[in-house]
Amino acid sequence: MDTVHFAGISGSLRKGSYNTALLHNIADGLLPANTTIEIFPLHDIPLYNADMDKPEAQSRPVAVQLLRKAFEKADAIVIVSPEYNYSIPGLLKNAIDWASRGEDSPLLHKPVAVMGATPGMWGTVRMQLAFHPVFQYLGMKPLYKPEVLIAQAKTKFDTGGTLTDATARKLVGQQLQALRDLALQEKVMRDTHL
Ligand code: FNR
């Protein structure tokens with residue numbers, strides 16, 4: 001069976017972040033068989049500046065070059081994020097902006113899934129919706145179903161950051177399986193057109 005490789009990013013830089021914890025739970029036991037993930041922390045990504053975004057001059061900041069490489073190597077991207085003020089956290093949108101430019105953008109045709117955890121009831125829904133036009137503009141391949149929202153996160157994670165809720169674990173696993181399937185479909189399409 002083909003091995004599929006994911007790149008995973010979190011939209012929160014907070015040490016105790018539920019979303020970063022979720023990403024680590026994915027790496028530590030929620031992936032489908034024959035699937036790997038590289039978690040790429042966004043702490044070192046600077047604010048977007050088009051003057052530093054010239055691929056021919058290798059002028060992109062090192063952290064940005066590494067992020068683009070991580071996306072390039074990946075068959076699909078997993079975004080795990082809270083919503084900030086009913087939308088995509090600025091640090092996360094900023095990272096996507098850095099990866100989005102140029103004919104060599106690693107986001108073009110890339111399968112992607114979004115999920116989120118919130119201490120409240122509906123947090124992350126508006127962030128997930130806000131990503132739709134972004135994915136459309138970038139020519140990405142978003143996974144639409146199943147949707148994953150882990151509400152009332154305090155009751156679903158233990159104090160060590162382990163996702164203990166069986167239903168949530170199952171749903172996350174189902175989304176990752178669907179993303180794996182989408183990535184394999186995309187691989188076949190790409191190989192057929194070569
Ligand atoms: C929030 N939070 C929040 N929650 C929500 O349900 N809808 C929202 O629009 C917002 N907006 C928002 C803006 C900013 C700037 C912050 C810092 C927080 C609350 C947010 O969901 C909560 O802090 C999460 O715990 C953040 O995710 P992590 O850091 O736990 O992954």
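Every number for a ligand or one of its atoms is a count from 1 in the order of the listing.
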### Query
Which residues pass the side-chain contact (heavy atoms from CB on, under 4.5 Å) test with N85, sequence neighbours left out?
none

### Query
Considering residues, nucleotides and ligands other than R101, do more than 12 of their heavy atoms fall under 6.0 Å from its CZ?
no

### Task
Could you name the protein residues that come within less than 4.0 Å of ligand 1, counting only heavy atoms, and order them by chain and residue number?
S12, R14, S17, Y18, N19, P82, E83, Y84, N85, Y86, P119, G123

### ring pair (Phe, Tyr, Trp, His ring centres under 6.0 Å) involving F131 - partner list, sequence neighbours excluded
F135

#### Entry: Q185 and D181 side chains, donor-acceptor separation under 3.5 Å
no

### Task
Report, as yes or no, whether the 6.0 Å neighbourhood of atom NE2 on H109 holds more than 12 heavy atoms from other residues, nucleotides or ligands.
no

### ring-ring contact (aromatic ring centres under 6.0 Å, His included): pairs with one or both residues in residues 8-33, sequence neighbours excluded
Y18-F157

